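For the numbers below, each heavy atom of this structure counts, side chains included, while hydrogens, waters and symmetry mates do not. Start at 1 and go down the list; that is how both ligands and their atoms are numbered. Predicted model, so just to flag it, every value in this text is computed and none were measured.
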Amino acid sequence: MAIYLGFDLSTQSLTAIAIDVERSRRRVLFERSLVFDDELPHYGTRHGVLPQDDPLVATSSPSMWAEALDRMMAVIAREGGFDLRSVRAISGSAQQHGSVYIKGTAPAAFTTLDPARPLVGQVSGMLSRPDAPIWMDASTAAECAAITRAVGGAEALARLTGSRAFERFTGSQIKKFAERDPTGYARTDRIHLVSSFAASLLAGRHAPIEPGDGSGMNLMDIAHRRWAPAALAATAPDLLRRLPALAFSWTVVGPLARYWTERYGFPAARVVAWSGDNPCSLIGTGIVREGRIAISLGTSDTLFGLLHEPRVDPSGTGHLFGAPTGDYMSLVCCRNGSLARERVRDAHGMDWVGFSRCFETTGPGNGGAIMLPWFEPEITPTVLQAGVRRYGLDPADGPANVRAVVEAQMLALILHSRWMGVDVDTIHATGGAARNRAILQVMADVHDADVYQLEVGNSACLGAALRAYHADRVADGLPTDWDDVVAGFAEPVAATRIRPVPAHVAVYARLARVYEACEAHALGRGGDPVEVIAAFRARA
Ligand code: XUL
């Protein structure tokens, strides 16, 4: 039996999955999550984020991630219910863009991790900065502007790295750290992404960064998959020697470190480079061909597809990333995902059942009422000053606000993904909220596409395990086609199909114009949408 392990180190939790890839009985053998706020309360995180005075700053704790990994490995060894000796390879997925700052003493510390002592005490001493800026950080607008200027403008940076400068991307975060804490930066020998940091802990050596996650840094030449000297020079002094090597997504970093084999009895399985959660989700939702898209409804809501040729968003909102298949992926990310849905639910004292029921008592289009659910600074479109905006929507009307938040999220995704040029007829839905069929009906109607749920809910984690399987085959000289890798795991479940309702599709085609006008007005780029709303209502 060959077993592959996948991890997902996300904003709020660490999940592990074990899969059996034997063709006749492909299945998930084990799946477990560990929620940081609940199970590691001594770090004081809220939704996985450390408390901050400045609402634009968002950091988390690499020590917490290490402790979570240690605990999860113990759980797998104790409760996995399978023979650990069958584990052939391990990979992972991590929240994108976050960075971990490591001292020069770390290489030795990685190789000499003592199996007799918990990991966390040994990791804390490796860090040249105790916290890690994460993807929710929006505090680096000035650094983004400086990087953009230095590389010759937003379009030039997007063509070079796949995205214009974004506050949460690693480059501007590194620049901020290097300028505000030059001593800390001087002490830093290596800057890892969350993904490569976790892979380093497993392999007991510095792991490389692969192109999927490397393209979320504003530092990688996306066409050639190597560090871009112009971007590095615009970011921080002496940066090249501080960055891990770039390597193919299917790189085997090394065997599992002695820490894990001796402490928990794992075999010296292959540790495969970790990637970002979105690139891993691409695999875990079966988007291994062009023309299919997936929407992930998690802490952030993302829409993504696979591209064979690079295509950059001319409006500068979307991203081009490397795909773990060696192709490219297009992605749009909205920060106000599950937290915004939760905020609306809580404001009206509902549970999720009550939330879903609101779709029965309100109609598609919500009578032209629009919410711009920017509870936190938003990524798509760029909104640095958080604040919910309502147009023709009574803040006290619970059901209307529930419908409004979901309709706005779906309309923002479609509006800002037009540049991808994909003619969508099928959407694979994933993430926690993809269990909610009322939300998926809005998704189907807004996109005029069939929506399918997938058997395995955590597609990032599944994608990581499937990447481990793929890399293991490559390492054995038996490369396997991606369609075969995902078969039986990441296929949409036919019985879950949600079809668009033609009458609703027509309503949303008109509501999209109302939403666009409200968004433009809120961003100071358009006039008062009152007439557009009135015209919508007149035809409703
Ligand atoms: C993608 C992004 C988020 C994080 C969430 O660009 O910032 O989806 O990866 O974990």
Per-atom contacts of ligand 1 with [X], taking only distances under 4.0 Å to non-hydrogen atoms:
X      : value
His97  : 1 (C), 2 (C), 6 (O), 7 (O)
Thr302 : 8 (O)
Asp277 : 4 (C), 5 (C), 9 (O), 10 (O)
Cys333 : 1 (C), 2 (C), 3 (C), 7 (O), 8 (O)
Arg168 : 1 (C), 2 (C), 6 (O), 7 (O)
Ser300 : 3 (C), 5 (C), 8 (O)
Gln95  : 10 (O)

**Contact summary for Val272 and Ser249, nearest pair of heavy atoms** = CG1-O, 3.8 Å

**Asked** Thr430 and Ser459: which non-hydrogen atoms are nearest, and at how many Å?
**Response** OG1-OG, 2.9 Å

**Proximity of Arg335 to ligand 1 by residue part, where a heavy atom lies under 4.0 Å** = neither

**Message:** Test of understanding: given a 4.0 Å heavy-atom threshold, classify the contact between Asn278 and ligand 1 as side chain, backbone, both, or neither.
**Reply:** side chain

**Prompt:** Does the side chain of Leu243 come within less than 4.5 Å of Ile209's, by heavy atoms?
**Reply:** no

Using 30° and 60° as the class boundaries, would you call the ring planes of [X] and [Y] parallel, tilted or perpendicular?
X      : Y      : value
His192 : Phe197 : tilted
Phe321 : His319 : parallel
Tyr4   : Tyr469 : tilted

**Asked** If we only count N/O pairs under 3.5 Å, is His319 in contact with ligand 1?
**Response** no

**Prompt:** Any Lys/Arg nitrogen of Arg180 or Glu143 sitting under 4.0 Å from an Asp/Glu carboxylate oxygen of the other?
**Reply:** yes

